[in-house]
Structures are given as C-alpha cells and as structure tokens.
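Everything quoted here is computed from the prediction, not taken from an experiment.
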Amino acid sequence: MLLHRIQQHLVDGADLQYQCAQAVGPALEAAVGALLASLTAGGKVLVWGTGVSAALAQSFVAQMVGRFERERPELAALALGVDAALTTSVPMGAPPGASPIVRQLRALGLPGDTLLVISAVPDAPDALAAIEAAHEREMTVVLLASARPGVLADVLRPTDVLVAVPTERPARVHEAHLVALHAIGDAIDVQLLGEETEAEILEP
C-alpha cells in the first residue's frame, strides 16, 4: 500500500510534466522573452514568492547571478524578502500594500525591470500587492501560478505573462514551477550563449 502511494507520486509528477509541455510551453517562451528584454537592456529581475515558492525564488536568482548549467556573465536578479531585518520591520497585521516585500519592490523596481511572481496560492493578497506595486513602477510581470490563479490573473496587463500550470495540488504546483524555472534558465542561456556542447555543462 505504501509503496503504491510512493510510486503514484512519481507517476503523477511525470504525467503533470507532460501536460505542462503541451499547455505552458508557449507561455514559458513568452516569459523568457520578457526576462531577457529587461536583462539585455540593463534592467533587472526581481523575484517574489512565499513558503516553498520563496525557496524556488532564491534558487532561480542563484541560477541567474551564478549559473544554470554553463558559465556565463552574471545576470541582474534579486529575490525579495530574504532579509530578516527587513521582513520584520513592519508590524504584524499591516495591510499587504505596506508589507516589507512590497516596500522593497517599490524601493528597487524601475521601469523596464521585470517582476517574477511565483505563487501556488490563488488570490494571495501579498502577491496581488506585489503585482500592483510593479505596475506602479512600470515593470513587466511574469506570474507562475496554479491552474486557478484567481484575481492575480485578472490584474495582469496585456504585456505581462501568465504561466498557469495545469494542477491545483500544492506539491504538484511546486514541482511544475521548479521545472518551469529550469526551462527558463536553460532558454536564457541558449539565447545568450547559443546551443551548448556536452563539455560545457558543468557539475553542480
């Protein structure tokens, strides 16, 4: 019984990745275009998420500033809300628009930058406030969401990009977002460096 349950997780994960290849491939290509437009024009990518999504945000930033699988020049990216002093600087219960992360976004975001929001939760008020703050700064928004992004999708502008993976189960959403971020990292490298050779792929 337990073995079957474990195996089912792996099967469900693999099935979801296949679905994503069909459902969100074009959206991911558009996301790469948005990120590259900022990075190659001297802008930066600000990345936001909470919980597991915050860990994914930090991992993606590490791949941008460091590398994904090949050596290349550093790319300007920053994960929001990772400074403990900053995140505890506003009293508990403050409205989302006054949250430390939104304040950080307003302080650092500039026209031409891109905000990458990673959210497995529909209608997340903090994510909504971050998107609205990015729009105030004339930033493009790329939203990685579940199959039901809710109001987050409604506030996106035509120039923004929505990548909604076809599941609402949190564990599967996080898995799909991780693979999506890897696909974005690889696509950025290909656009900047061209196709890789096997010898160019470095050990982690």
Side-chain angles (χ1 to χ4, degrees), residues 11-41 43-49 52-53 56-57 59-64 67-70 72 75-77 79 109 111-124 127-128 130-132 134-135 137-196 201:
V11 170
D12 290 347
D15 181 61
L16 175 61
Q17 300 309 330
Y18 179 80
Q19 293 179 54
C20 284
Q22 310 302 314
V24 303
L28 286 175
E29 185 177 28
V32 171
L35 297 177
L36 277 173
S38 291
L39 294 169
T40 57
K44 58 187 174 296
V45 177
L46 302 179
V47 191
W48 181 90
V52 173
S53 296
L56 294 178
S59 174
F60 181 73
V61 166
Q63 293 170 3
M64 293 294 97
R67 60 175 173 82
F68 177 58
E69 289 184 329
R70 290 187 283 169
R72 55 154 165 70
L75 300 176
D113 292 345
T114 296
L115 172 66
L116 172 59
V117 176
I118 308 170
S119 180
V121 180
D123 302 327
L128 178 60
I131 292 171
E132 291 173 341
H135 286 159
R137 292 293 186 265
E138 296 302 322
M139 298 170 61
T140 299
V141 175
V142 173
L143 171 62
L144 264 62
S146 69
R148 190 168 58 89
V151 70
L152 300 183
D154 297 335
V155 299
L156 295 180
R157 294 176 174 176
T159 51
D160 296 331
V161 180
L162 171 63
V163 180
V165 299
T167 182
E168 294 180 38
R169 186 173 180 180
R172 297 287 90 83
V173 174
H174 293 314
E175 291 168 10
H177 284 175
L178 175 61
V179 176
L181 292 169
H182 285 171
I184 290 172
D186 176 71
I188 287 175
D189 279 2
V190 168
Q191 290 294 99
L192 294 177
L193 305 174
E195 294 286 344
E196 79 279 10
I201 299 178

Using 0.5 Å steps for rounding, measure from the [atom1] atom of [X] to the [atom2] atom of [Y].
X: L178; Y: S59; atom1: CG; atom2: OG; answer: 6.5 Å
X: M64; Y: L116; atom1: CE; atom2: CG; answer: 9.5 Å
X: T159; Y: H135; atom1: OG1; atom2: NE2; answer: 6.5 Å
X: S146; Y: H177; atom1: OG; atom2: NE2; answer: 7.0 Å
X: I118; Y: W48; atom1: CD1; atom2: CH2; answer: 10.0 Å

Close side-chain approach of [X] and [Y], heavy atoms under 4.5 Å:
X: V190; Y: R70; result: yes
X: L56; Y: L144; result: no
X: L75; Y: L35; result: no
X: L16; Y: P166; result: yes
X: S38; Y: T140; result: no

Could you walk me through whether D186 and H182 pass the side-chain contact (heavy atoms from CB on, under 4.5 Å) test, one step at a time? CA-CA 6 Å; D186 176 71; H182 285 171; over 6 Å; no
Quick check: does any side chain N or O of [X] sit under 3.5 Å from a backbone N or O of [Y], one acting as donor and the other as acceptor?
X: D113; Y: M139; answer: no
X: T114; Y: V45; answer: no
X: D160; Y: R157; answer: yes

Nearest non-hydrogen partners of [X] and [Y], listed with the distance:
X: A153; Y: L143; answer: N-CD2, 4.4 Å
X: R137; Y: G109; answer: CD-O, 3.5 Å
X: V161; Y: A27; answer: CG1-O, 3.4 Å
X: A79; Y: V61; answer: N-CG2, 3.5 Å
X: A145; Y: L162; answer: CB-CD1, 4.2 Å
X: A31; Y: V163; answer: CB-CG2, 4.5 Å

Salt bridge (charged side-chain N to carboxylate O under 4.0 Å, His left out) against R172, all qualifying residues, sequence neighbours excluded: E175
What residues, two or more places apart in sequence or in another chain, satisfy salt bridge (charged side-chain N to carboxylate O under 4.0 Å, His left out) together with D189? R72
Using side-chain contact (heavy atoms from CB on, under 4.5 Å), reason through L128 and D123 one step at a time and then give a plain yes or no. CA-CA 7 Å; L128 178 60; D123 302 327; over 6 Å; no
Should L192 and L39 be marked as a side-chain contact (heavy atoms from CB on, under 4.5 Å) after you check the CA-CA gap, both sets of side-chain angles, and the distance that decides it? CA-CA 11 Å; L192 294 177; L39 294 169; over 6 Å; no
Hey, mind stepping through I188 and F68 against side-chain contact (heavy atoms from CB on, under 4.5 Å) and telling me if it holds? CA-CA 9 Å; I188 287 175; F68 177 58; over 6 Å; no
Surrounding CD of E29 (heavy atoms of other residues, nucleotides or ligands, distance under 6.0 Å), is the total greater than 12? no
